[in-house]
There are 2 protein chains.
Amino acid sequence: MAQKPSIPKGTRDFSPSEMARRNYIFDTIKSVFRLYGFKQIETPAMENLSTLMGKYGEEGDKLLFKILNSGDFMKSVKEEDLLSNNLYRLTNQLCEKGLRYDLTVPFARYVVQNRAQLQMPFKRYQIQPVWRADRPQKGRYREFYQCDADVVGSDSLWNEIELLSMIDMVFSLLKVRVAIKVNNRKILTGIAEMIGEADKIVDITVAIDKIDKIGIENVNAELKEKGLDDAALQKLRPLLEMCGSNEDKLKILEETLSSSETGKKGIEELRTVMEGFDSLGHNCEAEIDVSLARGLNYYTGTIIEVKALDVQIGSITGGGRYDNLTGVFGMPGLSGVGISFGADRIYDVLNQLELYPSSVSSSVDVLFVNFGEKESMAAARIIKALREEGISAELYPDEAKMKKQMGYADSQSIPYVAIIGESELEEGIVNLKDMANGTQEKLTPEQLIVKLKNLRQ
Amino acid sequence: MAQKPSIPKGTRDFSPSEMARRNYIFDTIKSVFRLYGFKQIETPAMENLSTLMGKYGEEGDKLLFKILNSGDFMKSVKEEDLLSNNLYRLTNQLCEKGLRYDLTVPFARYVVQNRAQLQMPFKRYQIQPVWRADRPQKGRYREFYQCDADVVGSDSLWNEIELLSMIDMVFSLLKVRVAIKVNNRKILTGIAEMIGEADKIVDITVAIDKIDKIGIENVNAELKEKGLDDAALQKLRPLLEMCGSNEDKLKILEETLSSSETGKKGIEELRTVMEGFDSLGHNCEAEIDVSLARGLNYYTGTIIEVKALDVQIGSITGGGRYDNLTGVFGMPGLSGVGISFGADRIYDVLNQLELYPSSVSSSVDVLFVNFGEKESMAAARIIKALREEGISAELYPDEAKMKKQMGYADSQSIPYVAIIGESELEEGIVNLKDMANGTQEKLTPEQLIVKLKNLRQ
């Protein structure tokens with residue numbers, strides 16, 4: 001037992017300074033969610049495996065963390081499955097519960113379970129950790145937070161505009177420069193219809209995405225290899241060469257996809273969303289990107305993805321509209337639209353760019369030096385008054401050497417140290433040392449409170 | 001799959017209104033932790049089983065939720081253990097990880113793992129869920145939150161005074177009437193030494209605890225049954241009859257335990273803590289209670305327990321000093337003192353007594369009715385300005401019937417509804433309806449912002 005303890009791979013401890021930074025991000029996102037009228041829910045870490053299995057594909061089933069049944073977990077295990085080492089069946093005999101893999105499935109389960117009480121449209125947000133038995137690597141963890149906001153029960157495109165506006169506000173507040181990319185699933189369907197290759201939609205979006213890197217001729221060669229004929233490539237060309245403003249792109253799309261009813265509907269939706277967002281004004285750039293195809297089998301309308309401009313890290317936020325969130329739980333026809341902020345990646349971005357305001361700190365406002373019982377009691381009284389005014393303060397608990405106590409203040413980045421020694425006690429004052437520049441000033445307790453209060457504002 | 005989904009027994013979903021109430025409690029506790037200079041850490045939900053096993057007794061080991069190993073979880077399973085159905089050995093072959101059972105062991109593990117970076121005294125707080133495979137019953141859950149604050153690396157009794165003061169501040173802010181009970185483990189040792197029955201200490205504290213209910217003669221009869229002789233009962237009598245002020249109790253203890261060095265040390269510590277706490281002033285009553293024996297094998301000095309006065313629910317906060325938090329991980333001699341707020345029980349108390357301030361609500365400040373595209377765009381602009389001023393606002397996303405939209409506002413307890421119809425649009429004003437009394441007033445957008453901002457303060 002005396003070996004040095006460790007934590008499971010892919011998991012992390014968060015130190016006080018890391019927590020201060022993470023709380024800054026979470027608090028910012030939460031404050032925006034609230035301003036937009038989203039309401040928080042929480043769901044249990046453990047869900048029944050029947051809720052989770054089959055929702056994330058075969059690969060996802062394997063990446064679920066399963067909880068061994070309590071008590072005699074062997075009692076339901078069948079000998080034949082033991083003998084044949086049928087892991088899938090054994091898992092279901094050994095385990096009834098698993099850790100949540102995302103926040104979407106638990107949300108869908110919550111909506112179905114509480115359908116009678118929920119008033120639609122239901123706008124919920126949820127910020128909780130999720131667990132995946134992925135192979136850990138840089139930036140990929142087995143426990144990480146998701147921050148989701150969804151509206152269900154409303155088809156209105158105002159919801160999309162609100163979500164874009166929320167993204168704009170979050171990243172403006174965090175001072176992260178981002179590009180918001182927007183697409184519509186129906187446009188992708190339209191493209192596939194137009195060239196008569198519905199099953200090639202993934203290849204096409206992957207190719208479009210590469211055009212900046214490898215050029216149009218290489219993209220065409222690649223698509224030819226995937227089985228597109230010359231006529232299809234000819235039809236696709238204007239989309240591959242598409243550039244310019246969002247309005248320019250919408251016009252090209254309208255011309256190119258005029259034969260597809262679904263495509264036209266997608267363009268109309270995209271136009272409404274982009275124009276609505278534009279006319280309200282925003283800080284972050286939003287651009288149409290028809291190569292955006294995330295969650296192809298899942299999204300049915302608007303698709304949103306956010307990339308940081310100053311750090312290479314992939315998507316830091318994403319979302320879109322889906323038409324059948326709850327169908328798998330026996331409640332069909334409920335449409336929704338949502339976004340998920342990738343808190344851990346946003347944390348990495350802010351760390352790399354050092355975008356934290358100086359107020360983000362885990363330290364207290366002032367440390368009182370401990371010179372013994374009498375002096376400490378006087379300090380404790382002032383500390384009590386400071387706390388009642390919302391100023392965080394602490395007394396060094398032990399009567400240690402001055403150097404040790406100052407070293408503590410230094411190591412904790414405490415900005416002020418208050419000294420009440422024998423002479424200060426007699427005079428009824430406090431000697432306040434500014435740790436940044438070493439200056440000291442003598443203050444009455446009342447003056448001290450006012451000074452520290454003003455500094456906080 | 002179409003059967004109605006559910007959640008594992010002993011777990012809970014939290015709805016928006018429940019989350020608003022829980023956040024009020026957590027935010028209050030957090031704000032006090034910060035004022036006192038405690039710093040937040042977080043540890044992973046999953047710990048290595050080697051970290052958890054053997055720390056909570058044999059019963060605790062059984063109550064740990066274990067995570068089935070990923071991949072071929074059968075590969076380490078030994079046939080002989082399968083054949084003999086040796087559940088303990090099979091568990092360790094099937095599982096390497098478990099869910100944290102409390103916050104204390106992960107904290108001890110964290111301290112040992114990060115000892116080189118930590119500056120002592122280290123004051124940490126931690127608010128996270130824990131999981132126990134207990135039989136669920138009223139008020140006992142398989143997933144619940146703990147809120148712990150601990151100071152390690154300081155023997156000073158100022159830490160105890162600070163913790164008592166923190167308890168006082170938390171429950172004063174939450175407006176829960178409580179009794180803070182304080183004891184010292186060394187006094188219990190002293191009592192056992194005095195009557196020469198060190199192994200009867202549990203029986204004695206249980207008996208002392210019953211005296212109000214069953215009377216001194218019945219307590220004596222019970223103790224006699226447990227094997228105490230008349231001489232011991234005679235010595236114990238003053239402690240059983242002890243009442244009055246804390247000072248009265250300290251005097252009786254000093255007289256009774258004068259022969260025990262350990263007892264005298266305990267009384268001295270208790271006196272320092274109670275006098276320190278008293279001289280700083282407090283709202284909640286703190287009383288010496290020598291029947292307090294929680295965590296008898298764990299605590300070595302001060303023992304603290306908090307009971308709600310107006311709800312029968314058992315202890316809602318507890319803690320004390322321990323001398324060897326990290327010894328089990330190979331780092332002996334680290335003393336600490338801490339308290340744990342029972343968030344879920346505090347939540348039950350506040351619910352029963354309806355102690356939530358009216359500002360605790362999950363609703364937005366104002367809903368804008370949707371009368372169609374043009375009107376909604378005007379509304380959206382004002383909503384944007386409101387949000388920039390910190391006022392939460394939402395547009396009903398669909399152009400639904402007025403009755404439906406007002407019904408939504410009602411169901412969400414939204415205090416104000418803003419109406420911009422055709423005529424308001426022409427006039428450039430907003431018709432603001434106060435949902436509490438039905439009154440309406442016409443305001444310019446600027447007036448609206450000022451009015452709602454003032455209401456928030």
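In the text below, chain A, chain B and the rest are named by the order of the sequence lines, each starting its count at 1. Source: prediction; values computed, not measured.
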Below 4.5 Å from any heavy atom of chain B, which atoms of A:S17 appear? Answer side chain, backbone, both or neither. neither

Looking only at A:A133, A:S70, A:A45, A:P121, most heavy-atom pairs under 4.5 Å shared with chain B are made by A:P121

Max heavy-atom pair count under 4.5 Å with chain A, selected residue of B:M19, B:K39, B:R387: B:R387

Side chain, backbone, both or neither: which part of A:F122 has an atom under 4.5 Å from a heavy atom of chain B? side chain

What part of A:L87 gets closer than 4.5 Å to chain B, counting heavy atoms only: side chain, backbone, both or neither? both

Chain A contacts, top residue of B:E42, B:M169, B:R12, B:R34 (heavy-atom pairs, under 4.5 Å): B:E42

Quick check: closest heavy atoms across B:L52 and B:L64, and the distance to 0.1 Å? CB-CD1, 3.9 Å

Contact winner vs chain B - A:Y408, A:Y36, A:F65, heavy-atom pairs under 4.5 Å: A:Y36

All heavy atoms of B:R109 vs all of B:F329, minimum pair found to be N-CE1, 3.7 Å

Main-chain N/O of B:V112 paired to B:T326 side chain as donor or acceptor, under 3.5 Å: no

Answer key: most heavy-atom pairs under 4.5 Å with chain A among B:S165, B:S279, B:G71, B:G390 is B:S279

Given a strict heavy-atom distance threshold of 4.5 Å, which part of A:N23 is in contact with chain B: side chain, backbone, both, or neither? side chain

Nearest heavy-atom approach of A:N159 to A:S154 is ND2-OG, 2.8 Å

Partners passing salt bridge (charged side-chain N to carboxylate O under 4.0 Å, His left out) against A:E275 (at least two apart in sequence or in another chain): A:R271

Using a cut-off of under 4.5 Å for heavy-atom pairs, which of B:R124, B:Q412, B:K62 has the most such pairs with chain A? B:Q412

Heavy-atom closest contact (A:P44 atom, B:D13 atom, distance): CD-OD1, 3.2 Å

Bottom line for A:E18: the part with an atom under 4.5 Å from chain B's heavy atoms is neither

Under 4.5 Å, counting heavy-atom pairs only, tell me which of A:D72, A:I383, A:D155 racks up the most with chain B. A:D72

Main chain of B:L94, side chain of B:N69: is a donor-acceptor contact present, judged purely on distance under 3.5 Å? yes

Return the CD to CD1 distance between B:Q126 and B:I41, rounded to the nearest 0.5 Å. 4.5 Å

Flag for B:D398-A:S156: side-chain donor and acceptor within less than 3.5 Å: no

Quick one: does B:Q405's side chain have a donor or acceptor within less than 3.5 Å of a partner on B:A400's backbone? yes

Counting heavy-atom pairs under 4.5 Å to chain B, which of A:V32, A:N114, A:L82 comes out on top? A:L82

Most contact-rich option vs chain B, by heavy-atom pairs under 4.5 angstrom, among A:S6, A:G276, A:S411, A:A380, is A:S6

Turns out that what part of A:T43 lies under 4.5 Å from chain B's heavy atoms comes down to both

At what distance, to the nearest 0.5 angstrom, does CG of A:L99 lie from NZ of A:K66? 10.5 Å

Greatest number of non-hydrogen atom pairs under 4.5 angstrom with chain A, of B:A20, B:G37, B:P397, B:S392, falls to B:P397

Looking only at A:K123, A:E96, A:E373, A:E399, most heavy-atom pairs under 4.5 Å shared with chain B are made by A:K123

Residue part contacting chain B, namely of A:I391, when any heavy atom lies under 4.5 Å: backbone

Note: A:L386 and A:F368 closest approach over all heavy atoms is CD1-CE1, 3.7 Å

Identify which of B:Y110, B:Y396, B:F38 forms the greatest number of heavy-atom pairs closer than 4.5 Å to chain A. B:Y110

Which residues share a ring-ring contact (aromatic ring centres under 6.0 Å, His included) with B:Y125, sequence neighbours left out: B:F33

Please state whether the side chain, the backbone, both or neither of B:N85 comes within less than 4.5 Å of a heavy atom of chain A. side chain

Heavy-atom cut-off 4.5 Å, strictly under: side chain, backbone, both or neither for A:S31 against chain B? neither

